Number of protein chains: 2
Amino acid sequence: MTIKEVCKKFDITPDTLRYYERVGVIPEVNRTKGGIRDYSEEDIKWVENAVCMRSAGVPVEMLIEYVKLFQEGDSTITARRDLLMEARVEVQKNLDKYQATMDRLNYKISRYEEAVKTGVLSWDVVNIKKD
Amino acid sequence: MTIKEVCKKFDITPDTLRYYERVGVIPEVNRTKGGIRDYSEEDIKWVENAVCMRSAGVPVEMLIEYVKLFQEGDSTITARRDLLMEARVEVQKNLDKYQATMDRLNYKISRYEEAVKTGVLSWDVVNIKKD
DNA sequence: ATACTCCTTGGAGTTAACTCCAAGTCAAGA
DNA sequence: TCTTGACTTGGAGTTAACTCCAAGGAGTAT
């Protein structure tokens, strides 16, 4: 699979994909004789994983560390597990924040819907209900 | 309330809070005769809102726009609602991504837990189950 | 009155994660 | 063989959102 195809599949740019490989967010990809990247199924799984993790804010730094440990073999299994658990804590934290913000947005929007209908804007549209 | 107290309350730095005011993420805050910021309840609500929105990745740009519209008065009610709805779409998108990443992390970690216990590392620890 | 601490400002600097660019290579088509 | 177009590289540039800094002012303790 060419770089362009992989990029299309995951909606990222070739620059990003090359960057990921360069810094080690994904392992090195096989090349044709001409030196052009040819992504294997395995490579694509790594890209998929990287894109997913990055979309949830897992730092590039952490993904690099994971790949490094992976390439060191089975002796790093617990280290990898710990790294993933560390990542999970952060993702969960953010998930909670996003959910809290959704709640706030939903509340505000419902108040605005009301205001648009009735012409009356309640005091607390900016904020959240008084305690 | 002093800037330090507000910062402690929301776990941010004075620099960030002054930055928010400077660029318009929150409206201007009242000062003492000496020129020192004295945050009112209202100000604090704005800060709370800004911190919440920012923690879910709502761009500073968008918060500035909201404050600007708010200060223009009731004629901007629908515009503000639309802005909030736009923000909500983005936050929801990210929420979904974070959830997907949590699922992936949970799966991977469970596989690693297994591997740590049994010493056997299944083929797909890196990725997600084959289709 | 002097020192100390915390506040102020405008503006420069930092960071993470891309994103762009110039110069060069390679395979395929005319 | 020559052109075309996609790919390659190392390195520089960009962006959003802070973060830091130097210089100065105000209020309080000694």
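Residue numbers start from 1 in every chain, and the chains themselves are labelled A, B, ... in the order their sequence lines are given, proteins ahead of strands. Heavy-atom basis, side chains included; hydrogens, waters and symmetry copies ignored. None of the values given here were measured: they were computed from a predicted structure.
Distance CG (A/Asp11) to C1' (C/dC18): 15 Å, rounded to an integer number of Å. Regarding A/Tyr39, its OH atom lies at a distance of 12 Å from the C1' atom of D/dT8, rounded to whole Å. The separation between B/Asp38 atom CG and C/dC6 atom P is 18 Å, rounded to whole Å. Distance NZ (A/Lys8) to P (D/dA6): 14 Å, rounded to an integer number of Å. In this structure, A/Arg31 atom CZ and C/dT25 atom P are separated by 16 Å, rounded to whole Å. Atom CD in B/Glu21 sits about 17 Å away from atom C1' in D/dA17, given to the nearest Å. At whole-Å resolution of the value, CD1 in B/Ile26 and P in D/dC18 are 12 Å apart. As a whole-Å value, the separation of A/Ile12 CD1 from C/dA17 C1' is 13 Å.
Within the structure, the salt bridge (charged side-chain N to carboxylate O under 4.0 Å, His left out) test picks out the following pairs touching residues 92-101 of chain B (sequence neighbours left out): B/Glu90-B/Lys93. Among pairs with a residue in residues 9-18 of chain B, those fulfilling side-chain hydrogen bond (donor to acceptor under 3.5 Å, both in side chains) read B/Thr13-B/Thr16, at least two apart in sequence or across chains.
Near DNA chain C, meaning a heavy atom under 4.0 Å from it, residues 86-94 of chain B has no residue at all. Residues of residues 53-63 of chain B having a heavy atom closer than 4.0 Å to DNA chain D, listed by number: B/Arg54, B/Pro59, B/Val60.
At a threshold of 4.5 Å between non-hydrogen side-chain atoms, the residues B/Phe70 and B/Thr76 do not count as touching. Side-chain atoms of A/Ile109 and A/Glu113, non-hydrogen and from C-beta on, do get closer than 4.5 Å to each other. Side chains of A/Thr2 and A/Ile36 form no contact here, defined as non-hydrogen atoms less than 4.5 Å apart.
Applying the side chain to side chain donor-acceptor pair (under 3.5 Å) criterion to B/Ser40, with sequence neighbours excluded, gives B/Asp43.
Proximity of B/Arg37 to the phosphate of C/dT8: a side-chain N or O atom is located under 4.0 Å from OP1 or OP2. For B/Tyr20, no side-chain nitrogen or oxygen approaches OP1 or OP2 of D/dA17 to under 4.0 Å.
Both B/Val91 and B/Met102 sit in one connected hydrophobic cluster of ILVMFWY residues. Membership requires side-chain heavy atoms under 4.5 Å apart, directly or through other members. Follow the hydrophobic side-chain contacts under 4.5 Å out from B/Met53 and you reach B/Ile12 in the same cluster.
With respect to the salt-bridge test (charged N to carboxylate O, under 4.0 angstrom), the residues A/Glu72 and A/Arg80 do not qualify. A salt bridge links B/Glu65 and B/Lys68; the closest N-O separation between the charged side-chain nitrogens and carboxylate oxygens is under 4.0 Å.
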Close N or O pairs between protein and nucleotides 19-26 of chain D (under 3.5 Å):
unit_1, atom_1, unit_2, atom_2, d
D/dC20, N4, B/Asp15, OD1, 3.2

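Atom CG of B/Leu95 sits about 5.5 Å away from atom CG of A/Leu95, to the nearest 0.5 Å.
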